[in-house]
Amino acid sequence: MAAAVALCCWATMTVFTACSEDDENKPKEYTYQISLSTVGYTWTDDEVVNYKEWYAAVMGAYMTAIGVTTETFTLHGTLAECDKKVLEACQEAEKKVATFGGGTAIIKVRNVTTSKMVYTYNIKPASNV
């Protein structure tokens, strides 16, 4: 019985210390994923924008700002550093995307490693900005 209690205490300590706050302060790799969900698509009178081109332009603006070439990517650093880099880059991309014609969509960047949403933005057509 004492062995079972000791094992239970050890297991409990292991579970709670394995996810301590100190782990967030240690540099490691974090995986992120960018997703774009279209809500609607509008055409302006003075420009005809192909949906695929618009989608590629929006995703490209975000990926370029972050400095990656794929929708799923990995950064190395502390959790705070990596999340901050993604958030600041996405906020910079917002400025460029706001000048695009066309669609209404929601773009999200999720930290896959922590399962937390780092960034969400509702893209609206340039004429409504």
Side-chain angles (χ1 to χ4, degrees):
M1 181 69 171
V5 171
L7 180 62
C8 182
C9 289
W10 175 81
T12 301
M13 286 178 31
T14 302
V15 168
F16 289 114
T17 59
C19 298
S20 71
E21 248 182 65
D22 290 338
D23 288 345
E24 292 180 0
N25 297 323
K26 293 179 184 174
K28 69 180 214 177
E29 289 190 342
Y30 293 93
T31 301
Y32 295 83
Q33 184 171 31
I34 304 171
S35 63
L36 179 65
S37 304
T38 55
V39 177
Y41 193 80
T42 58
W43 300 91
T44 60
D45 291 336
D46 57 349
E47 69 179 355
V48 177
V49 180
N50 179 297
Y51 171 78
K52 289 181 182 180
E53 290 174 356
W54 177 82
Y55 181 94
V58 171
M59 291 299 284
Y62 279 87
M63 290 189 290
T64 298
I66 297 168
V68 298
T69 57
T70 60
E71 294 175 20
T72 300
F73 58 94
T74 302
L75 297 177
H76 184 79
T78 66
L79 176 61
E81 291 169 342
C82 293
D83 282 358
K84 182 180 177 185
K85 178 182 178 177
V86 169
L87 180 61
E88 288 176 351
C90 289
Q91 290 170 337
E92 189 63 32
E94 273 180 33
K95 296 173 190 171
K96 185 173 185 177
V97 170
T99 66
F100 295 172
T104 300
I106 300 170
I107 190 154
K108 298 177 182 181
V109 181
R110 184 172 64 95
N111 182 325
V112 177
T113 307
T114 64
S115 298
K116 291 186 180 178
M117 198 62 64
V118 176
Y119 174 82
T120 302
Y121 179 64
N122 294 319
I123 300 169
K124 300 195 183 329
S127 60
N128 293 342
V129 173

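No experiment lies behind these values; they were computed from the predicted model shown. Just the heavy atoms: all of them, side chains too, but no hydrogens, waters or symmetry mates, feed the values below.
A pairwise comparison of heavy atoms in Ile66 and Lys85 identifies O-CE, 3.6 Å as the closest pair. Here the closest non-hydrogen pair linking Cys82 and Gly77 is SG-N, 3.5 Å. In terms of heavy atoms, Val109 sits closest to Met117 at O-SD, 3.5 Å. Looking at every heavy atom in both residues, Thr78 comes nearest to Asn25 through CG2-O, 3.3 Å. Taking every heavy atom of both residues into account, Tyr62 and Cys90 meet most closely at CE2-O, 3.6 Å. Ala105 approaches Trp54 most closely through the heavy-atom pair CB-CH2, 3.7 Å.
The aromatic rings of Tyr32 and Phe73 lie parallel to each other, with less than 30° between the two planes, well short of the 60° mark.
Between Lys28 atom NZ and Leu75 atom CG the span is 13.5 Å, to the nearest 0.5 Å. The line from CD1 of Ile34 to OG1 of Thr70 is 8.0 Å long, rounded to the nearest 0.5 Å.
With hydrogens and angles disregarded, a donor-acceptor distance shorter than 3.5 Å links the side chain of Thr113 to the backbone of Thr31. At least one donor-acceptor pair closer than 3.5 Å links the side chain of Thr99 to the backbone N or O of Lys96.
Leu79 is listed as a side-chain neighbour of Asn111, based on a closest heavy-atom distance under 4.5 Å.
Of the options Gln91, Glu88, Glu94, a side-chain hydrogen bond (donor to acceptor under 3.5 Å, both in side chains) to Tyr119 is made by Glu94 and by none of the others.
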- Task: Test Thr72 against Val112 for side chain to side chain contact (heavy atoms under 4.5 Å, CB included), laying out the working first.
- Result: CA-CA 9 Å; Thr72 300; Val112 177; 5.6 Å; no
